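Presented below is the structure to which this report refers.
Note that the structure is predicted; figures quoted are calculated from it, not measured.
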Amino acid sequence: MEITWMMLANHAEAPPNGLLYISGGAWDTVNVLNPLPAEAPEGAVAFIEGVLVIRLRFHQTETERDYPFRLSIMDEDGAEIGHVDGDVRAERVEGHPPAWPHPANMIVSLTGLPLPRFGEYRISLEVNRDHKGEIPFRAVRRY
């Protein structure tokens, strides 16, 4: 399997028709316009509000089974600040030519993940313990 692309978005849906509906897509900056309120958890400067949308392509021999995935969210020093574990599966699409890839769309919510400081972050994707790609983003103080 291989990754086609990853994108941060405000919202995404994946209905059974195989399409992705994405709004507020392709952002890479969390703009923090105000300090967090006093009741916010200690040590957080911001929270992510959005999803990570991923498209993978599988060979026909890789379909019809689950593969474990792990998203690791790391700060600019490489320290993990959070992760999401799950499984991804590509269903065989009837009528595809033998060499045609079979897609799997993933939408992973990141809403509520606290960011401990302003700066750069990376989200790394592993599928079946194999690194497939990563995407950068940053948190910027705008007040």
Side-chain angles (χ1 to χ4, degrees), residues 1-93 96-97 99-143:
M1 91 208 47
E2 62 185 25
I3 189 167
T4 305
W5 50 263
M6 288 193 289
M7 175 192 313
L8 289 162
N10 291 348
H11 178 79
E13 294 178 35
N17 64 6
L19 298 176
L20 284 166
Y21 298 99
I22 299 170
S23 63
W27 58 263
D28 62 5
T29 303
V30 175
N31 290 299
V32 183
L33 304 176
N34 297 298
L36 291 178
E39 62 271 9
E42 184 73 28
V45 299
F47 292 92
I48 294 181
E49 294 181 23
V51 297
L52 181 64
V53 187
I54 304 164
R55 180 149 175 109
L56 297 168
R57 294 187 308 186
F58 291 76
H59 186 269
Q60 68 177 351
T61 61
E62 299 172 311
T63 62
E64 307 296 328
R65 61 184 137 147
D66 293 331
Y67 294 91
F69 76 82
R70 182 179 190 99
L71 285 176
S72 299
I73 301 95
M74 297 163 286
D75 67 15
E76 58 194 21
D77 295 327
E80 185 177 270
I81 64 163
H83 67 271
V84 177
D85 294 314
D87 291 305
V88 62
R89 178 185 189 97
E91 300 297 337
R92 186 174 294 231
V93 180
H96 268 22
W100 197 264
H102 297 264
N105 296 322
M106 298 170 55
I107 300 172
V108 181
S109 177
L110 300 175
T111 296
L113 178 72
L115 301 176
R117 63 184 181 193
F118 298 108
E120 297 177 18
Y121 294 88
R122 299 193 84 66
I123 302 172
S124 176
L125 173 65
E126 288 184 6
V127 179
N128 210 29
R129 297 184 181 194
D130 186 27
H131 182 262
K132 294 297 179 184
E134 58 187 31
I135 185 170
F137 73 97
R138 63 190 179 142
V140 178
R141 180 180 176 168
R142 301 283 187 198
Y143 60 91

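Around the CD atom of E76, the shell of radius 6.0 Å holds more than 12 heavy atoms that belong to other residues, nucleotides or ligands. Counting heavy-atom neighbours within 6.0 Å of W100 CH2, excluding the residue itself, gives a total of 12 or less.
The shortest non-hydrogen separation linking P116 to Y121 is CD-OH, 3.4 Å. A pairwise comparison of heavy atoms in G82 and L113 identifies CA-CD1, 4.3 Å as the closest pair. Nearest approach of T4 to L56, heavy atoms of both residues: OG1-C, 4.2 Å. For the residue pair V88 and A104, the shortest heavy atom distance occurs at CG2-CB, 4.0 Å. Nearest heavy atoms, V93 versus P103: CG2-CD, 4.3 Å. Across I22 and A9, no two heavy atoms sit closer than the pair CG2-CB, 3.7 Å.
Put simply, CG on L20 and CE on M106 are 11.5 Å apart, with the number rounded to the nearest 0.5 Å. Interatomic distance, CD1 of I54 versus CG of L71, reported as 5.0 Å (0.5 Å rounding). How far NE2 of H11 is from OG1 of T111: 10.5 Å, rounded to the nearest 0.5 Å. Atom-to-atom distance recorded for N105:CG and L19:CG is 8.5 Å, nearest 0.5 angstrom. For the atom pair CD of E91 and CZ of F58, the computed distance is 10.0 Å after rounding to the nearest 0.5 Å. Rounded to the nearest 0.5 Å, atoms CD1 (I135) and CH2 (W5) are 10.0 Å apart.
Side-chain contact between V32 and L115 is absent, with no heavy atoms from C-beta onward closer than 4.5 Å. Contact check for L110 versus I123: side-chain heavy atoms found under the 4.5 Å cut-off. Within the 4.5 Å cutoff, the side chain of P136 has no heavy atoms near those of the E120 side chain. Between V30 and F47 there is no side-chain heavy-atom pair separated by less than 4.5 Å.
Side chain of R92 to main chain of Q60: a donor-acceptor pair is present (N/O by atom type, distance under 3.5 Å, no hydrogens or angles). Formation of a donor-acceptor pair under 3.5 Å by the Y67 side chain with backbone atoms of M1 is not found in this model. Remark: side-chain polar atoms of D75 are paired, donor with acceptor, to backbone N or O of D77 under 3.5 angstrom.
Taking E64 as the reference, nothing meets the side chain to side chain donor-acceptor pair (under 3.5 Å) condition, with sequence neighbours excluded. R122 meets the side chain to side chain donor-acceptor pair (under 3.5 Å) test with E134; sequence neighbours excluded.
The residue from E126, H83, H131 that alone fulfils the side-chain hydrogen bond (donor to acceptor under 3.5 Å, both in side chains) condition with R70 is H83.
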Next on the checklist: As a quick check of understanding, evaluate side-chain contact (heavy atoms from CB on, under 4.5 Å) for L52 and L125, giving each step before the final call.
Outcome noted: CA-CA 11 Å; L52 181 64; L125 173 65; over 6 Å; no
Next on the checklist: Under the criterion side-chain contact (heavy atoms from CB on, under 4.5 Å), I'd like the reasoning laid out for V53 against R55: C-alpha separation, chi angles, the key distance, then a yes or no.
Outcome noted: CA-CA 7 Å; V53 187; R55 180 149 175 109; over 6 Å; no
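A side chain to side chain donor-acceptor pair (under 3.5 Å) check over residues 30-47, counting only residues at least two apart or in different chains, returns the pairs N31-R142.
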